[in-house]
Amino acid sequence: MRIGIDLGGTKIEGVALGADGRQQWRRRVAAPRGNYDDSVRAIAGLVAALEAETGERGTVGVGIPGAISPATGLVKNANSTWLIGKPLSEDLSRALGRPVRLANDANCFALSEATDGAGAGAAVVFGVIIGTGTGGGVVVHGRVLGGANAIGGEWGHNPMPAATDDERPGPACYCGRSGCIETWLSGPALGRDYATDGGDPLSATEIAARAADGEPRAAAALARYERRFARAIGTIINVIDPDVIVLGGGLSNIERLYDNVPRLWSSFVFSDRVDTRLIRARHGDASGVRGAAWLWP
Ligand SMILES: [Zn+2]
């Protein structure tokens, strides 16, 4: 049995997968915000509960909103800031009495979709989560590309390619720079772009609904969004040349992206034709926790 844990900012989710990959049990508890020791205890408690329910002992993989620094073994880049600088891998292994594998949550998403999701069978999968942020992960031949700095796939803080004069320097980003891809492609970024053009303060989903109803301003905002998406993902295609790009997160529900972005990206890809497919995640919200389970072969 494989146990996957998704450590989020507000909730911790656990899943037990049988040898065939089928979900045997899934459970969710509130995340102890701001308290590291309680977070470790909550994960250990969730694993114990899953094992009590199934009557089996499992391997444990954990998806975290950050990464384990290869240099120090400590958590870095986590928006759940109470985890930063903590030896989470070591503490979880001790609490659970077995080795535990940890990975960035977007990497877990990509691994889930590459293993038995929308990218199953593809050699190179780029997984993208677009919601409040713009995460990414790369899976090559079934294995996560972690990287020397544990930032493999983190495309969100690259500058937006081919920025026009009115896109420079671009919106300020929490990472300290301006005009990052995330500041143009996240859900809030689409809302900001629409509002800047005189639109109502709406969510990305609401703007997409208005565009589908034929509102010209919403349609124009989505057209700008799609072109920016094509520019940003074009540079990724040039570097890792994925067979499949799997889209997850709130904005993956905008149906028109799957036709329009691939139509636009050829202009930004160094190839006479582009056979890369852009597809929606199969496992939806469950991908993160499933991918954590798949961290063990
Ligand atoms: Zn940034």
Side-chain angles (χ1 to χ4, degrees), residues 1-17 23-54 56-70 72-109 111-112 129 131-135 137 144 146 150-151 154 156 174-175 182 186-188 248-250 283-296:
M1 182 175 73
R2 296 181 180 87
I3 292 175
I5 302 288
D6 185 21
L7 176 57
T10 57
K11 60 168 177 64
I12 304 174
E13 193 163 0
V15 72
L17 301 183
Q23 177 181 313
Q24 297 182 326
W25 207 265
R26 191 168 160 195
R27 177 174 287 202
R28 178 183 280 208
V29 298
R33 288 187 65 78
N35 190 313
Y36 174 73
D37 291 335
D38 285 351
S39 301
V40 173
R41 269 191 288 275
I43 292 171
L46 191 51
V47 170
L50 289 165
E51 292 187 329
E53 292 289 353
T54 57
E56 281 182 73
R57 186 177 166 90
T59 56
V60 179
V62 183
I64 62 169
I68 300 293
S69 162
T72 64
L74 308 176
V75 176
K76 67 171 186 177
N77 292 359
N79 53 14
S80 300
T81 49
W82 57 94
L83 304 175
I84 293 175
K86 302 290 187 182
L88 182 59
S89 179
E90 208 180 302
D91 288 340
L92 282 176
S93 297
R94 190 180 309 120
L96 291 165
R98 75 199 86 172
V100 174
R101 291 189 178 172
L102 286 84
N104 172 260
D105 46 18
N107 288 358
C108 291
F109 164 80
L111 181 59
S112 163
I129 302 180
T132 53
T134 307
V144 171
I151 55 166
E154 289 290 349
Y174 74 87
C175 76
E182 182 162 308
S186 69
H283 296 300
D285 288 346
S287 250
V289 73
R290 291 181 65 89
W294 287 121
L295 289 172
W296 287 90

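Along the sequence shown, the residues carry numbers beginning at 1. Atoms considered below: every heavy atom in the structure, side chains included; atoms not considered: hydrogens, waters and symmetry mates.
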Item to check | Side chain proximity check, E53 to Q24, heavy atoms < 4.5 angstrom | outcome: no
Checklist entry - Between CZ of R33 and OG of S80, what distance do you get to the nearest 0.5 Å? => result 6.5 Å
Item to check | Side chain to side chain, V289 and I5, heavy atoms closer than 4.5 Å | outcome: no
Next on the checklist: Could you report the tightest heavy-atom contact between C108 and G63, atom names first, then the distance?
Outcome noted: SG-CA, 3.7 Å
Item to check | Rounded distance [0.5 Å steps], OH in Y174 versus CD in E182 | outcome: 5.0 Å
Checklist outcome for this item: In terms of heavy-atom contacts, L295 and G61 come closest through CD1-CA, 4.1 Å
Next on the checklist: Whether R101 engages the ring of W296 as a cation-pi pair (distance to the six-membered ring centre under 6.0 angstrom, angle to the ring normal within 45°) should be assessed.
Outcome noted: yes
Checklist entry - Rounded to the nearest 0.5 Å, what separation is found between the CG atom of N77 and the SG atom of C175? => result 10.0 Å
Checklist entry - Which distance, rounded to the nearest 0.5 Å, do you find between the CD1 of I43 and the CD1 of I12? => result 5.0 Å
Next on the checklist: Within the structure provided, determine whether L88 and L102 are in side-chain contact (heavy-atom separation under 4.5 Å).
Outcome noted: yes
Next on the checklist: Please determine whether the number of non-hydrogen atoms from other residues, nucleotides or ligands lying under 6.0 Å from atom CG of D285 exceeds 12.
Outcome noted: no
Checklist entry - Do L83 and P65 come within less than 4.5 Å of each other through their side chains, counting heavy atoms only? => result yes
Checklist outcome for this item: d(W25 CH2, E56 CD) to nearest 0.5 Å is 13.0 Å
Item to check | Atom pair CG/CG of L50 and L17 - distance to nearest 0.5 Å | outcome: 10.0 Å
Item to check | SB check R98 E51 (cutoff 4.0 Å) | outcome: yes
Checklist entry - Considering all heavy atoms of both residues, which atom of R57 and which atom of L96 are nearest to each other, and what is their separation? => result NH2-O, 4.0 Å
Checklist entry - Looking at side-chain heavy atoms only, is the closest gap between L92 and V40 below 4.5 Å? => result yes
Item to check | Residue list, salt bridge (Lys or Arg N to Asp or Glu O under 4.0 Å) with E90, at least two apart or on another chain | outcome: R94
Checklist entry - Between A293 and R2, which heavy-atom pair has the shortest distance, and what is it? => result O-CD, 3.3 Å
Checklist outcome for this item: Contacts satisfying salt bridge (Lys or Arg N to Asp or Glu O under 4.0 Å) that involve residues 7-17 (not counting sequence neighbours) are K11-E13, E13-R26, E13-R28
Checklist entry - Within a reach of under 6.0 Å around NZ of K86, are more than 12 heavy atoms found that belong to other residues, nucleotides or ligands? => result no
Item to check | Heavy-atom pair of closest approach, residues A31 and G9 | outcome: CB-O, 3.8 Å
Item to check | Contact summary for S112 and W294, nearest pair of heavy atoms | outcome: CA-CD1, 4.3 Å
Item to check | M1 side chain near I3 side chain, heavy-atom distance below 4.5 Å | outcome: yes
